[in-house]
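Bear in mind the structure is a predicted one, so any value in this text is a computation, not a measurement.
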Amino acid sequence: MIQLILARHAKSDWTEDGLDDHDRPLNTRGVRDAPAMARTVVRKGVRPEVILSSTARRARQTADAFARAFEAPITEQAELYLAEPAQILAAARGAGVDEVMVVAHDPGMSALVSRLADRDERMVTCAVAIFTWHDGTWDDVDATPPDEFELLTP
């Protein structure tokens, strides 16, 4: 079984003028939503073996909330910062496990979710898309439709 869990980072804080985009933290809503979404995903029975996160502060904070809920390790990957769909998918494939969560950014996340779901989907902040291929391998991802797809929003 292959399970790909894609999470857009939670809502970020734009109040500090001059702060580099990469360094923006979560705002109050983001701090609240990330652990709540993590609990929702756990209740679905989803537990990735590893979490891949963009190096952006807001993505890492979101990944931290999921890691606590899943008790999964986080690997930061600089190439996930503002990544295109192909980069996101390549990172997941390269993780070396069958159940992977990726925490990254739009527009890449919405584009990849839309492509894999074969319909237009918008990943709002802290949304989580869960794709499952029951008898598949990573070669099936992006080549065959998933057996299951669910989009969770805060």
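Proximity of Val97 to Glu99: side-chain heavy atoms (C-beta onward) are nowhere separated by under 4.5 Å. Counting heavy atoms from C-beta outward, Trp138 and Asp98 have side chains that approach closer than 4.5 Å. For the pair Asp21/Arg58, a side-chain contact is recorded, criterion being any heavy-atom separation below 4.5 Å from C-beta on. You'll find the side chain of Leu4 reaches within 4.5 Å of the side chain of Leu89, heavy atoms only. Residues Thr132 and Asp147 fail the side-chain proximity criterion, which asks for heavy atoms closer than 4.5 Å. Phe70 has its side chain within reach of Val41: a pair of non-hydrogen atoms, C-beta onward, lies under 4.5 Å apart. Put simply, the side chain of Leu6 does not reach to within 4.5 Å of the side chain of Val128, judged on heavy atoms. Phe66 places a side-chain heavy atom less than 4.5 Å from the side chain of Met37.
Arg60 and Ser53 form no side-chain donor-acceptor contact under 3.5 Å, judged by distance and modelled atom types alone. Residues Ser114 and Glu121 have side chains that never bring a donor and an acceptor to within less than 3.5 angstrom of each other. Under 3.5 Å, the side chains of Thr55 and His22 contain a donor-acceptor pair of N or O atoms.
No more than 12 heavy atoms of other residues, nucleotides or ligands sit less than 6.0 Å from atom CG of Asp118. More than 12 heavy atoms of other shown residues, nucleotides or ligands fall within 6.0 angstrom of atom CG in Asp23. Remark: Arg122 CZ is loosely packed, at most 12 non-hydrogen atoms of other residues, nucleotides or ligands lying under 6.0 Å away.
The residues Asp13 and Arg24 are annotated as not salt-bridged, no charged nitrogen and carboxylate oxygen being separated by less than 4.0 angstrom. A salt bridge is absent between Asp33 and Lys11; no separation between the charged side-chain nitrogens and carboxylate oxygens falls under 4.0 Å.
Cluster annotation: Met109 is connected to Phe131 through the hydrophobic network of ILVMFWY side chains, with a link wherever side-chain heavy atoms come within less than 4.5 Å. Residues Val141 and Met1 do not share a hydrophobic cluster, defined by chaining ILVMFWY side chains whose heavy atoms lie under 4.5 Å apart. Both Ile74 and Val46 are part of a single hydrophobic cluster, where members link through side-chain heavy atoms under 4.5 Å apart. Follow the hydrophobic side-chain contacts under 4.5 Å out from Leu152 and you reach Val103 in the same cluster. The cluster map of Ile, Leu, Val, Met, Phe, Trp and Tyr, joined by side-chain heavy atoms under 4.5 Å apart, puts Leu112 and Phe149 in the same cluster.
Here the closest heavy-atom approach between residue Ser54 and residue Ala104 is recorded as CB-CA, 4.4 Å. Scanning both residues, Ala91 and Leu80, for their nearest heavy atoms gives CB-CD2, 3.9 Å. Shown here for Pro25 and Leu19, the closest heavy-atom pair between the two residues is CD-CD2, 3.8 Å. Thr153 and Ala127 make their closest contact through CG2-CB, 4.2 Å (heavy atoms, listed as atom of the first residue, atom of the second, distance).
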What verdict does the side-chain hydrogen bond (donor to acceptor under 3.5 Å, both in side chains) test give for Arg57 and Ser12, after you've listed the backbone C-alpha separation in whole Å, the side-chain angles of each residue and the deciding distance to 0.1 Å? CA-CA 9 Å; Arg57 184 174 176 192; Ser12 60; over 6 Å; no
Show your working on side-chain contact (heavy atoms from CB on, under 4.5 Å) between Glu148 and His134 and close with a plain yes or no. CA-CA 8 Å; Glu148 295 179 34; His134 291 293; 2.6 Å; yes
Between Val113 and Arg8, does the side-chain contact (heavy atoms from CB on, under 4.5 Å) criterion hold? Intermediate values first, please. CA-CA 11 Å; Val113 168; Arg8 183 175 173 201; over 6 Å; no
Applying side-chain contact (heavy atoms from CB on, under 4.5 Å), run through Thr75 and Val50 and close with a yes or a no. CA-CA 7 Å; Thr75 300; Val50 67; 4.0 Å; yes
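Classified by interplanar angle (parallel below 30°, tilted 30° to 60°, perpendicular above 60°), the ring pair Tyr81/His105 is perpendicular.
At least one donor-acceptor pair closer than 3.5 Å links the side chain of Gln61 to the backbone N or O of Leu26. Remark: side-chain polar atoms of Ser110 are paired, donor with acceptor, to backbone N or O of Met123 under 3.5 angstrom. With Thr62 contributing its side chain and Ala10 its backbone, the two residues share a donor-acceptor pair below 3.5 Å.
The CH2 atom of Trp14 sits 11.5 Å away from atom CG of Asn27, with the distance rounded to the nearest 0.5 Å.
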